[in-house]
Amino acid sequence: VQLQACGGGLVQAGDSLRLSCAASRSVSSMGWYRQAPGKQRELVALIISGGGTNYADPVKGRFTISRDLAKNTVYLQMNSLKPEDTAVYYCYALWIRRDYWGQGTEVTVSS
């Protein structure tokens, strides 16, 4: 499974961004993780094929994950961005009990 992510950039606090990630085939679950400088990679949001979602506490109410099954694409709408959201965001997919990762897209939020 190959994952192609895009949509990162430099924004100001309070702005919005939308990330997207296309998978090369249909998969079970898709989502986003992020890694800030000097920190471990952490879950941001996940969505399973049935539509169930899971969000990390710091992004609840601000980020929304969605999925287009026909396009094998997952989206992350990020609103009310904060400087602490600054990180490299990695697209994730689960298929037949294997984890797959995209190349990462950088999000920088200035105060």
Practice prompt. For residues Ile48 and Arg67, report the shortest heavy-atom separation together with the two atoms involved.
Written response: C-NH1, 3.5 Å
Discussion item. Arg41: which residues meet the side chain to side chain donor-acceptor pair (under 3.5 Å) condition with it, sequence neighbours left out?
Written reply: none
Which atom pairs, one a donor and one an acceptor, fall under 3.5 Å between side chains of residues 72-80 and the rest of the protein, sequence neighbours left out?
from, atom 1, to, atom 2, distance (Å)
Thr73, OG1, Lys71, O, 2.9
Gln77, NE2, Asn79, OD1, 2.9
Asn79, OD1, Ser16, OG, 2.9

Discussion item. If the condition is side-chain contact (heavy atoms from CB on, under 4.5 Å), which residues does Glu42 pass it with, not counting sequence neighbours?
Written reply: Arg34
Discussion item. With rounding to the nearest 0.5 angstrom, report the OH to CH2 distance, Tyr100 to Trp95.
Written reply: 9.5 Å
Worksheet item: How about Cys91 and Cys21, are their SG atoms within less than 2.5 Å of each other?
Response: yes
Discussion item. Would you say that more than 12 heavy atoms from the other residues, nucleotides or ligands in this model lie under 6.0 Å from the CD of Gln2, or not?
Written reply: no
Practice prompt. Could you tell me which residues satisfy ring-ring contact (aromatic ring centres under 6.0 Å, His included) with Tyr33, sequence neighbours excluded, listed by chain and number?
Written response: Tyr92, Trp101
Practice prompt. Look up atom OH in Tyr55 and atom OG1 in Thr64, then write down how far apart they are to the nearest 0.5 Å.
Written response: 4.5 Å
Fill in: Distance in Å, Leu46 CG paired with Thr53 OG1, rounded so as to fall on 0.5 Å steps
9.5 Å
Practice prompt. Answer yes or no: is there a side-chain heavy-atom contact under 4.5 Å between Val44 and Tyr89?
Written response: yes
Worksheet entry | Spacing of Ile47 atom CD1 and Ser28 atom OG [to the nearest 0.5 Å] | 13.0 Å
Show the atom names and distances, to 0.1 Å, of all donor-acceptor pairs under 3.5 Å that link a side chain in residues 103-111 to residues at least two apart or in another chain.
from, atom 1, to, atom 2, distance (Å)
Gln103, NE2, Ala5, O, 3.1
Thr105, OG1, Gly8, N, 3.1
Ser110, OG, Val11, O, 3.3

Discussion item. Tell me the closest heavy-atom pair linking Gln35 and Ala87, and the distance in Å.
Written reply: O-CB, 3.4 Å
Worksheet item: Linking I/L/V/M/F/W/Y whenever their side-chain heavy atoms sit closer than 4.5 Å, directly or via other members, would Val27 and Tyr90 fall into one cluster?
Response: no
Discussion item. Does Thr86 form a side-chain contact (heavy atoms from CB on, under 4.5 Å) with Leu81? I'd like the steps, not just the answer.
Written reply: CA-CA 9 Å; Thr86 295; Leu81 282 161; over 6 Å; no
Fill in: With Glu84 via side-chain contact (heavy atoms from CB on, under 4.5 Å) - residues at least two apart
Lys82
Item to complete: Following the transitive rule for hydrophobic clusters with a side-chain heavy-atom cut-off under 4.5 Å over Ile, Leu, Val, Met, Phe, Trp and Tyr, establish whether Leu94 and Ile96 coincide in one cluster.
Response: no
Worksheet item: For the residue pair Gly7 and Leu17, what are the closest heavy atoms and their distance?
Response: O-CD2, 3.7 Å
Worksheet, complete the sentence: Taken to the nearest 0.5 Å, the spacing of Asp85 CG from Asp15 CG works out to 11.5 Å
Worksheet item: Just wondering, more than 12 heavy atoms not from Arg25 lying within 6.0 Å of its CZ?
Response: yes
